[in-house]
Amino acid sequence: QVQLVESGGGLVQAGGSLRLSCAASGRTFSGYSMGWFRQTPGKEREFVAASSWSGGRINYADSVKGRFTISRDNAKNTVYLQMNSLKPEDTAVYHCAADPFNRLGRRQSQYDYWGQGTQVTVSS
């Protein structure tokens, strides 16, 4: 089992920045790709970004490309999501997820482990 705990969410004005963190614990983090998804009430969980184990392959949703950056520190078992130029439509609960098969996927079904999420609210 891998346990994931997100932090760093909060309230920010449009145009501002936040950095989310996702700390992994439990069995080895080694070889896992990591993703970020977000969800608003009444909507499907939406892919945001994903990073391969090495960080050499990265995937972004079109809606966040150029504004968000995913990175990871494998020595700390932590993945980050730097969010800049935030917009009100970025408001959501952000979840990190782990895929032991390192697939860099955009589908929820490709991830085996999930954190409980952290709320990000962007005011206009």
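Every heavy atom of this structure was used, including side-chain atoms; hydrogens, water molecules and symmetry mates were not. Counting from 1, the numbers follow the sequence of the chain as shown.
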Which heavy atom in [X] sits nearest to a heavy atom in [Y], and how many Å separate them?
| X | Y | result |
| --- | --- | --- |
| P88 | A14 | CD-CB, 4.1 Å |
| L18 | L86 | N-CD1, 3.9 Å |
| H95 | E6 | CA-OE2, 3.3 Å |
| F47 | R106 | CB-O, 3.5 Å |
| N84 | S17 | OD1-OG, 2.9 Å |
| N102 | S52 | OD1-CA, 3.4 Å |

Shared hydrophobic cluster, [X] / [Y] (ILVMFWY, side-chain heavy atoms < 4.5 Å):
| X | Y | value |
| --- | --- | --- |
| I70 | W114 | no |
| L104 | V48 | no |
| L4 | Y111 | no |
| V93 | F68 | no |
| F37 | L20 | no |

At what distance, to the nearest 0.5 angstrom, does [atom1] of [X] lie from [atom2] of [Y]?
| X | Y | atom1 | atom2 | answer |
| --- | --- | --- | --- | --- |
| S63 | R38 | OG | CZ | 4.5 Å |
| N74 | S51 | CG | OG | 8.0 Å |
| L11 | Q119 | CG | CD | 9.5 Å |
| Q39 | Y94 | CD | OH | 12.0 Å |
| C22 | W36 | SG | CH2 | 5.0 Å |
| K87 | S124 | NZ | OG | 14.0 Å |

Residues K65, D62: salt bridge by 4.0 Å N-O rule: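 Salt bridge flag = yes for D62 with K65.
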Residues clustered with Y80, ILVMFWY side-chain links under 4.5 angstrom: none
Q3 CD: over 12 foreign heavy atoms closer than 6.0 Å: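 More than 12 heavy atoms, drawn from other residues, nucleotides or ligands, come within 6.0 Å of this atom.
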CZ/R107: more than 12 non-hydrogen atoms of other groups inside 6.0 Å: no
A92 backbone acceptor or donor facing T40 side chain under 3.5 Å: no
Any W53 side-chain heavy atom under 4.5 Å of R72 side chain: yes
Side chain to side chain, V120 and M83, heavy atoms closer than 4.5 Å: yes
